[in-house]
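Each chain gets a letter, A, B and so on, in the order the sequences are listed, and its residues count up from 1. All values derive from a computational prediction rather than experimental measurement.
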Amino acid sequence: MQRYDFKSIEKKWRKNWKDSPIQQNTSSKPKYYCLDMFPYPSGTSLHVGHWRGYVLSDVLSRHKVLQGHHVLHPMGWDAFGLAAETNAIKKAIHPAISTEENVASMKRQLNEMSTIYDWDFEINTTDPAYYKWTQWIFARMFEHGLAYEQEMPLNWCPNCKVVLANEEAVGGVCERCKQPSTKKNLRQWMLRITKYAERLLQDLNQLNWPEKVKKMQTDWIGKSHGAEIDFAVAGSNAKIKAFTTRPDTLCGATFMVLAPEHPLVAQLTAAPQQAQVEAYVKRSATRSNVDRMQDKEKTGVFIGTNATNPLTGQDMPIWVADYVLADYGTGAIMCVPAHDERDFEFATKFGLPIVQVISADGKQSPLDEAFIGDGVLINSDKFNGMAVAEAQAAVAAHLEAQGIGKTTVNYKLRDWVFSRQRYWGEPIPIIHCESCGPVVVPDKDLPVMLPDVESYMPTDTGDSPLAAMADWVNVPCPKCGQAAQRETNTMPQWAGSSWYFLRYPDVNNDNALASPDALKNWLPVDYYVGGIEHAVLHLLYARFYTKFLYDIGVVTFEEPFSTLFNIGMINYNGRKMSKGEGHGVSPDDVLPRYGCDALRLYEMFISPPEMDCEWDDSGIEGVSRFLNKLWRMVEAPHIIATNPELTRQKHLMIHDISQRLDNMSLNTVVSGFMTHVNAMQDLAKTHGGLPADNLEALAILLAPFAPHMAEEIWERLGHKESVFLQTWPKYDAAMLKSDTVELALQINGKLRGNIEVPADMGKDDIIAAAREQLADKLDGMEIVKSIYVPGRIVNFVVKG
RNA sequence: GCCCGAGUGGCGGAAUGGCAGACGCGGUGGACUCAAAAUCCACUGAUGGCAACAUCGUGGGGGUUCAAGUCCCCCCUCGGGCACCA
């Protein structure tokens with residue numbers, strides 16, 4: 001018995017596909033743009049966890065080809081950024097060289113997996129011809145006031161020696177190295193993503209994305225409705241602006257708290273309190289974000305000055321405390337201890353007055369914790385008796401009439417810290433001139449090439465390594481010609497990946513990031529496959545970029561990715577696979593033993609594609625055995641004429657596989673192949689062979705999953721053209737029906753037997769037959785009710 | 001603390017409210033073989049029974065229903081997200 005020789009067969013078809021690609025450039029077919037999140041080549045090889053997504057997108061792409069689409073399924077390299085730079089530093093080679101090596105290695109792997117990536121459409125974010133356009137987009141953002149410089153306390157990772165965007169410092173921890181971040185005052189380039197907050201929120205509705213990702217983005221954007229209120233300060237002209245979502249509780253506001261970084265702290269602090277306040281502010285500034293978050297008890301200092309409650313006229317002592325965040329709302333809050341847990345805790349600790357203004361039953365009652373629930377207003381003068389919702393509008397309207405408040409909305413989303421103090425990134429195309437200020441590099445001078453430096457190591461000072469390159473830094477101002485200096489910070493890794501999907505259809509264009517025709521023909525992306533880890537990073541940034549490019553007329557759509565699929569992670573021995581730590585399974589080890597088809601099939605069989613799962617070395621044995629079994633079935637050269645039973649089997653198979661594929665239940669597609677091949681084998685035994693018809697259908701269905709074997713089967717059946725030039729088979733619903741059906745027989749819902757009846761038998765006859773069959777068990781029982789579910793069960797409800 | 005998910009054999013997992021455990025891994029026994037590999041056949045949720053079969057069984061407790069892994073309520077455990085956002 002000949003074992004399936006995957007080595008030579010897979011090699012043969014890889015060569016054939018290279019010589020005559022399975023897709024011609026046929027623009028008459030409907031387009032399908034299927035995209036993977038491109039890898040960052042920080043290590044030399046991909047592990048089987050990465051492959052899960054790449055196999056999935058390849059399966060979908062090949063399926064679409066068979067369904068008559070013209071498919072764009074490209075691949076590229078997100079090669080700038082910290083990961084690549086860190087890897088290069090570790091190996092003590094220039095990041096450009098290590099990146100190139102890693103790209104070559106990963107590309108070899110992708111080709112060995114027989115992915116249908118068309119390398120004519122390859123991109124690399126570190127290619128000057130590519131980053132020219134990354135810089136071009138930045139230039140447009142600068143011109144439109146979306147890119148600006150600011151000195152502010154930013155998340156700083158002392159380990160990576162780099163500032164972090166809020167999205168990269170979640171939980172006060174560096175997204176990359178997981179070390180605690182601190183705050184550092186630095187001049188940075190910022191992108192005004194907050195200007196797009198509302199659109200980024202609203203347009204989520206139109207996306208066919210996992211609800212989980214939409215929810216994560218919604219929470220990240222964090223919209224809340226409320227009012228902004230001006231509080232007068234005793235003995236000062238200054239006003240403190242505070243945002244609140246509960247204007248209805250204003251009469252219960254008994255004190256105010258300013259964030260330590262609030263600009264009015266210094267100005268409003270009374271002389272006797274000065275030393276204490278300064279010490280507190282200084283202490284807050286130096287603590288790490290993790291420490292601040294882990295505080296169990298609230299801390300704060302009275303600044304010695306009072307504000308006035310605009311409704312009650314009462315004094316409100318002003319405190320400074322770090323539980324108020326400087327960069328949300330106005331950095332100052334009115335505190336209503338009776339109805340806010342944090343304010344309650346603070347007031348209790350420092351002995352501040354607590355005044356109840358909301359009550360569930362309209363009566364005042366002693367509070368031993370903040371009352372958050374709904375109710376009516378009390379202790380609130382003319383607002384007494386109003387319901388919360390009503391009072392929110394009424395108080396806001398009252399304040400607005402007085403000119404001391406207005407209704408407003410707030411977002412948690414912050415502007416995007418866009419500069420990095422690192423070498424391996426796109427230079428920011430700005431020249432600093434003493435007379436003209438920051439001047440954007442003219443388009444004709446793009447790209448601003450990343451220069452070769454002697455030392456690309458990060459510095460402790462927060463300066464980019466580029467700052468030491470006097471020759472590169474010192475240039476004339478493009479506006480006035482005076483001596484000026486280049487911006488030495490570089491862009492974050494996200495810059496190149498925020499628009500790369502626009503470039504693929506037109507990778508060689510030197511006059512535009514892509515031609516309008518190419519964009520019109522291919523965008524937006526129909527199907528986007530990648531991990532959940534980019535839910536609020538890359539996916540939010542890419543949406544922002546797309547909306548901006550829409551606004552300036554570069555693209556004609558507002559959302560880049562119509563459908564998103566989150567591929568689950570594959571763990572190994574209970575831990576995440578990682579190329580850095582060498583913990584994982586390499587396809588390089590699997591391919592020589594089992595072949596590409598088996599690995600592809602196993603990647604899909606391992607678990608539902610959206611779920612995390614565990615790699616099992618022996619699991620691939622199963623699919624490998626299946627392929628061999630299938631091969632033996634095909635090799636048995638008994639082609640017979642079709643007959644109804646085998647025709648029905650064919651339609652059942654087409655139905656099952658097609659439907660499961662449409663539902664993205666790819667693990668059950670694979671088990672479906674196994675079940676149907678087993679069934680065909682049984683039928684082959686009874687009928688002395690199989691019709692060509694059945695095998696042809698099987699070959700086409702299998703082609704997206706195990707393309708080499710599918711081609712080989714197809715060829716053996718006497719076809720000269722590739723199986724991928726065929727059409728996905730259709731099933732006839734009428735053919736799925738069987739002559740007989742088996743029904744389960746139940747008494748009071750418990751299984752008591754089975755019965756096979758003709759498919760066209762009527763309800764009454766079936767119930768009678770079922771009664772007959774269960775006669776001994778029904779003896780002496782009174783049948784209260786007979787339930788018949790066609791094709792499924794007969795259930796007798798009995799008494800006695 | 002808040003917000004999402006998810007809990008099914010030894011394992012991965014399957015199941016439009018309708019026969020729980022498809023398919024695969026692993027295991028046991030057998031066939032073939034000098035032997036092994038490969039392959040094929042049978043069995044493989046638990047308990048009781050020689051057996052036919054019976055009882056129990058989808059994290060726990062209630063409920064709806066002729067019928068619940070699936071729907072509703074409460075609880076437990078695990079995973080993920082956010083975390084003083086006023």
Side-chain angles (χ1 to χ4, degrees), chain A residues 1-3 170-172 210-213 215-220 222-224 226-227 242-246 249 253 256-257 259 292-296 298 321-325 327-336 339-343 345-346 410-414 532-533 535-536 569 601-602 605-608 610-626 628-629 632 659-660 663 665 667-678 742-754 783-798:
Chain A
M1 198 181 313
Q2 185 91 43
R3 217 172 137 72
V170 165
E211 286 307 317
K212 180 177 179 161
V213 177
K215 180 138 196 327
M216 281 169 74
Q217 292 211 355
T218 302
D219 291 349
W220 190 257
K223 182 178 183 177
S224 55
F243 171 74
T244 177
T245 53
R246 297 291 305 272
T249 62
M256 297 199 75
V257 173
R292 272 177 75 155
M293 283 173 189
Q294 278 171 351
D295 271 352
K296 289 190 187 70
K298 299 247 176 313
D322 66 3
Y323 82 92
V324 173
L325 306 175
D327 51 1
Y328 178 77
T330 62
I333 61 168
M334 67 175 216
C335 298
V336 186
H339 305 292
D340 181 280
E341 285 174 32
R342 296 149 302 182
D343 297 346
E345 190 190 328
F346 194 82
N410 241 292
Y411 300 91
K412 285 193 208 175
L413 186 69
R414 315 287 155 83
I532 187 80
E533 65 273 19
V536 289
M569 200 171 60
L601 224 43
Y602 183 56
F605 186 57
I606 187 165
S607 141
E610 69 280 5
M611 298 228 307
D612 289 351
C613 63
E614 170 82 20
W615 180 265
D616 177 1
D617 286 313
S618 60
I620 194 170
E621 291 280 356
V623 290
S624 178
R625 274 176 216 162
F626 162 70
N628 276 293
K629 185 188 219 175
R632 285 193 304 275
Q659 200 167 60
R660 293 170 185 188
N663 291 337
S665 179
N667 54 325
T668 63
V669 167
V670 180
S671 66
F673 278 128
M674 292 169 173
T675 307
H676 286 290
V677 165
N678 286 342
E742 185 167 287
L743 301 173
L745 303 181
Q746 298 180 336
I747 297 172
N748 284 345
K750 289 197 183 222
L751 182 67
R752 283 294 177 269
N754 288 284
I783 295 177
V784 182
K785 200 174 174 187
S786 303
I787 292 153
Y788 165 58
V789 182
R792 303 252 182 212
I793 58 147
V794 178
N795 185 21
F796 295 109
V797 185
V798 301

Considering only atom C1', compute the distance from B/G48 to B/U65 and round it to an integer number of Å.
-> 31 Å
Can you name the residues that form a ring pair (Phe, Tyr, Trp, His ring centres under 6.0 Å) with A/Phe673, not counting sequence neighbours?
-> A/Phe705
Taking only N and O in the side chain of A/Arg752, is any of them less than 4.0 Å away from OP1 or OP2 of B/C66?
-> no
Return the value, rounded to whole Å, for the distance between atom CD of A/Glu610 and atom P of B/G12.
-> 16 Å
Spacing of the P atoms in B/U64 and B/C72 (rounded, Å) = 15 Å
Say you pick atom C1' in B/C3 and the same atom in B/A15; how far apart are they, in whole Å?
-> 30 Å
What's the closest nucleotide to the A/Asp322 side chain, out of B/U55, B/C40, B/C84?
-> B/C84
On a whole-Å scale, what distance lies between the C1' atoms belonging to B/C56 and B/U8?
-> 15 Å
What is the distance from CG of A/Asp612 to P of B/G81, rounded to the nearest Å?
-> 10 Å
Sequence-aligned protein contact record of nucleotides 15-23 of chain B, with B where the base is within under 4.0 Å of a protein heavy atom and S where only the sugar-phosphate is | -B-BB--BB
For A/Ile606, which contact category applies under a 4.0 Å heavy-atom criterion: base, sugar-phosphate, or nothing?
-> sugar-phosphate
Report the distance from atom CH2 of A/Trp615 to atom C1' of B/C11, rounded to the nearest whole Å.
-> 16 Å
To the nearest Å, how far apart are A/Phe243 CZ and B/C84 C1'?
-> 15 Å
Return no unless some side-chain N or O of A/Lys750 is found under 4.0 Å from OP1 or OP2 of B/G57.
-> no
Looking only at atom types and distance, does a side-chain atom of A/Asp340 sit under 3.5 Å from a main-chain N or O of A/Cys335, one as donor and one as acceptor?
-> no
For B/G9, glycosidic torsion class - syn if within 90° of 0, otherwise anti | syn
Take atom C1' in B/G7 and the same atom in B/G60, then report the distance between them in whole Å.
-> 12 Å
Measure across A/Asn795 and A/Asn748 and return the closest heavy-atom pair with its distance rounded to 0.1 Å.
-> OD1-N, 3.4 Å
Pick the nucleotide of RNA chain B nearest each of A/Glu341 and A/Thr330; which residue has the one closer to the 5' end?
-> A/Glu341
Closest heavy-atom contact between A/Asp612 and A/Ser607?
-> O-OG, 4.2 Å
Would you say A/Tyr602's side chain and A/Gly622's backbone share a donor-acceptor pair under 3.5 angstrom?
-> no
Nearest-angstrom distance from the residue atom CD1 of A/Ile532 to P of B/G81 = 9 Å
Write out a two-atom table: protein N or O, nucleotide N or O from nucleotides 3-9 of chain B, distance below 3.5 Å.
residue	atom	partner	partner atom	Å
B/C3	O2'	A/Lys215	NZ	2.5

With distance as the sole test, does A/Asn410 use its side chain to make a donor-acceptor pair with the main-chain N or O of A/Ser224 at under 3.5 Å?
-> no
Over 12 non-hydrogen atoms of neighbours within 6.0 angstrom of CD in A/Glu341 | no
In whole angstroms, how far is the C1' atom of B/A38 from the CZ atom of A/Arg632?
-> 8 Å
Where the side chain of A/Val797 is concerned, which of B/G12, B/C66, B/A86 is the nearest nucleotide?
-> B/C66
How close or far is atom C1' of B/G24 from atom CG of A/Asn628, stated in whole angstroms?
-> 15 Å
May I have the distance from A/Leu601 (atom CG) to B/C25 (atom P), rounded to whole angstrom?
-> 13 Å
Residue-phosphate contact under 4.0 Å: A/Tyr323 side-chain N/O, B/A86 OP1/OP2 | no
So A/Met334 and A/Thr249, side-chain contact (heavy atoms from CB on, under 4.5 Å) or not? Walk me through it.
-> CA-CA 10 Å; A/Met334 67 175 216; A/Thr249 62; 3.7 Å; yes
A/Tyr323: partners by ring pair (Phe, Tyr, Trp, His ring centres under 6.0 Å), with sequence neighbours left out = A/Phe346
Specify the closest pair of heavy atoms between A/Val324 and A/Ala259, including all atoms of both residues, with the distance to one decimal.
-> O-CB, 3.3 Å
Using Watson-Crick pairs (N1 to N3, plus N6-O4 or O6-N4) and G-U wobble pairs, both distances under 3.5 Å, which stems of at least 3 pairs involve RNA chain B?
-> B:1-7 with B:76-82, B:10-12 with B:23-25, B:26-31 with B:39-44, B:45-48 with B:53-56, B:59-63 with B:71-75
Shortest non-hydrogen contact between A/Ser665 and A/Thr668, atoms and distance = OG-OG1, 2.6 Å
Heavy atoms of A/Ala242 and A/Met256 approach each other most closely as CB-CE, 4.0 Å
Ring pair (Phe, Tyr, Trp, His ring centres under 6.0 Å) involving A/Phe605 - partner list, sequence neighbours excluded | none
Result for 5'-nearest mapping on RNA chain B, choosing between A/Asn748 and A/Met216, is A/Asn748
Using a cut-off of 4.0 Å on non-hydrogen atoms, how would the nucleic acid contact of A/Arg660 be classed: base, sugar-phosphate, or nothing?
-> nothing
Distance between C1' atoms of B/U55 and B/C73 (Å, rounded) | 29 Å
Sugar-phosphate, base or nothing in reach of A/Val536, heavy atoms under 4.0 Å = nothing
Separation between the C1' atoms of B/G17 and B/G63, rounded to whole Å = 16 Å
Nearest heavy atoms of A/Ile793 and A/Leu743, plus distance in Å | N-CD2, 4.2 Å
When you compare B/G21 with B/A14, how far apart are their C1' atoms, in angstrom units rounded to a whole number?
-> 7 Å
Just call it for A/Ser786: base, sugar-phosphate, or nothing, with non-hydrogen atoms closer than 4.0 Å on any strand.
-> nothing
